[in-house]
Amino acid sequence: MGIVCLMERKIPFSYALIKPSGPDCNMACEYCFYYEKQEYFDKGSTPAKSRMSDEVLETMIKKCLSGHVRQFGFGWQGGEPTLMGLDFYKKAMAYQEQYGKGKDVSNGIQTNGILITEEWADFFLKYNFLVGLSLDGPEHIHDHYRFMAGGQGSHAKVEETARMLLGKDVQVNALTVINDYSAQYPEEIYRYLREVGFDYLQFIPCVETNPENQREAAPYSLSAKAYGEFLCKIFDLWEADFVDGYATTSVRLFDTFSHVYLGMTPPECMAQRTCGNYLVVEHTGDIYSCDFFVEDAWHLGNLMADDPQELLNSRRQRLFGDMKAKLAPKCVKCEWLTFCRGGCIKDRIRDPQDKRFNHFCESYKIFFPYAHERFLKLMQGFQERQERDRQKVSGKASEKTRGN
């Protein structure tokens, strides 16, 4: 009998989330989870407000694009990544062109929009950047927690940036944090974002540990009940926007659930059985498991000395990713497990009251009984419309062939 050697399949390194200016930011949003990393990096040899050097930038891009994958995505985030200045990103594009020949390279950037000018917009358009713009809603909602370091509101500038980017046909998504205040206004937020011109919406539920009392969630955190009710209202609005079997508005969470309903792999890691399929690269070149876990426990190495592909497939990174699959018995038995998969790991630990469960577990138990049957019908209609469209295309092709 022959000996069969089973090799563990390696995860392809195809995406890096980059923090070129670290946690440094020109705003002081009250709910920001990354602001506290200022202290973390200040303890090291590199101050938090330092910037990614040209040496680190070139090495990172060279190593990211040296693998065998045909497609690679760079996500630029912060802090506030535009603090690096436009010339930094022009260099990044030059390095990508130099080292990415024969590859499909994509870029996305998450920004608060304060520094964005028409020159930035033209750059984003030229290099096909996907821009995630942080906009929490109309002024009274956005400025409730999102303000400048001096305390003044930021809404007017961010809305101006949004309209300018959309007017130039830049790919731009609205990134909207849902907190204890904004959860009260689902219809107002949705209709406002649609009026501004957004077709792609991402609602990000907020829960963080209270810095004043480490045994509870921060006061601005969203309760499970409020989030569940918020999702139900947003679902009504999203469903009403369907035309001829197709969604005219993209809501990222619903897009994720749609993949599950259609038997496809969901794009969001929160809805997958395990996570850890990408790496975070800080301004120092240090590599971490996830941007929610930039801490010593999940520091994997430094790209100046290490191979990112090997770090992604390291034992430590696998341990991190496998934590997600370790669920409490009640989660394993839950009828909605296929959709939430226990949620994001960080949502299990940011509220210290019970670290075994997702803070938003009850949210989904409110949402799915409300939306499940309607979701099934929407997905059935979507599939039927796709089949009709395929038949039309096939019929036209046949007619053209006969005509020739």
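Please read all numbers here as calculations on a predicted model, not as lab measurements.
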F360 and L222 have their tightest heavy-atom pair at CE2-O, 3.5 Å
For the residue pair F382 and F242, is the inter-centroid distance of their aromatic rings smaller than 6.0 Å? no
Intermediate values then yes/no, ring pair (Phe, Tyr, Trp, His ring centres under 6.0 Å), F339 and Y261: CA-CA 9 Å; F339 297 93; Y261 277 106; 4.6 Å; yes
So, F320 versus F293, ring centres under 6.0 angstrom or not? yes
For a 4.5 angstrom cut-off between non-hydrogen side-chain atoms, does W336 reach H372? yes
R374 charged N/C atom sitting above Y370 aromatic ring, 6.0 Å / 45°: yes
Would you call the rings of F368 and Y364 parallel, tilted or perpendicular, taking 30° and 60° as the class edges? tilted
Assess whether a salt bridge exists between E195 and R163, defined as any Lys/Arg side-chain N lying under 4.0 Å from an Asp/Glu carboxylate O. yes
Nearest non-hydrogen partners of I345 and K324, listed with the distance: CD1-N, 3.8 Å
Quick one: do K63 and D306 make a salt bridge, cutoff under 4.0 Å? no
Is the cationic atom of K346 (NZ for Lys, CZ for Arg) positioned less than 6.0 Å from the six-membered ring centroid of F292 and within 45 degrees of its normal? yes
If you take the centroid of each ring, where Trp contributes its six-membered ring, are F74 and F72 closer together than 6.0 Å? yes
Partner of S314 under side-chain contact (heavy atoms from CB on, under 4.5 Å), picked from Q317, R318, E310, is Q317
Audit row: H259, T265, side chain to side chain contact (heavy atoms under 4.5 Å, CB included) steps and yes/no: CA-CA 6 Å; H259 276 70; T265 301; over 6 Å; no
Trace of the ring pair (Phe, Tyr, Trp, His ring centres under 6.0 Å) decision for F235 with F254: CA-CA 8 Å; F235 182 84; F254 298 161; 5.7 Å; yes
Cationic tip of K90 above Y127 ring, under 6.0 Å, 45° of axis: no
Run the salt-bridge test on R385 and D389 with the 4.0 Å N-O cut-off and return the result as yes or no. yes
Could you check whether any side-chain heavy atom of T176 comes within less than 4.5 Å of a side-chain heavy atom of L201, counting everything from C-beta outward? no
Side chain to side chain, L327 and R348, heavy atoms closer than 4.5 Å: yes
CD1-CD distance between I109 and E80, expressed to the nearest 0.5 angstrom: 7.0 Å
Any side-chain heavy-atom pair of I18 and E282 under 4.5 Å: no
For the atom pair OG1 (T59) and OH (Y95), what is the distance rounded to the nearest 0.5 Å? 9.0 Å
Identify the two heavy atoms, one from L237 and one from P186, that lie closest to each other, and give their separation to 0.1 Å. CD1-O, 4.2 Å
Testing V177, I189, L253, L231 one by one against F203 for a side-chain contact (heavy atoms from CB on, under 4.5 Å), which residue passes? I189
Give a yes or no on whether Q152 atom CD has more than 12 heavy-atom contacts from other residues, nucleotides or ligands under 6.0 Å away. yes
Run the ring-centre check on H144 versus Y220 and record whether the distance is less than 6.0 Å. no
Under 3.5 Å, is there a donor-acceptor pair between the Y99 and E58 side chains? yes
In terms of side-chain heavy atoms, does T209 have a donor or acceptor partner in Q214 at a distance below 3.5 Å? no
Can you tell if the side chain of Y192 reaches within under 4.5 Å of the side chain of F198, non-hydrogen atoms only? no
One thing to verify: whether K91 and D54 come together as a salt bridge, which I'm taking to mean a side-chain N less than 4.0 angstrom from a carboxylate O. yes
Over all heavy atoms of both residues, which pair between T82 and W120 is shortest? Give the atoms and the distance, please. O-CZ2, 3.7 Å
D136 and I141: which non-hydrogen atoms are nearest, and at how many Å? O-CG2, 3.4 Å
Does NZ or CZ of K37 come closer than 6.0 Å to the centre of the six-membered ring of Y40, within 45° of the ring's axis? yes
K62, NZ: over 12 other non-hydrogen atoms inside 6.0 angstrom: no
E118 atom CD, over 12 foreign heavy atoms within 6.0 Å: no
Could you measure the distance from the CG atom of N179 to the CZ atom of R146? Nearest 0.5 Å is fine. 10.5 Å
Hey, do the aromatic rings of Y185 and H140 have their centres closer than 6.0 Å? yes
In Å, rounded to the nearest 0.5 Å, how long is the span from CG of L65 to CD of Q96? 6.5 Å
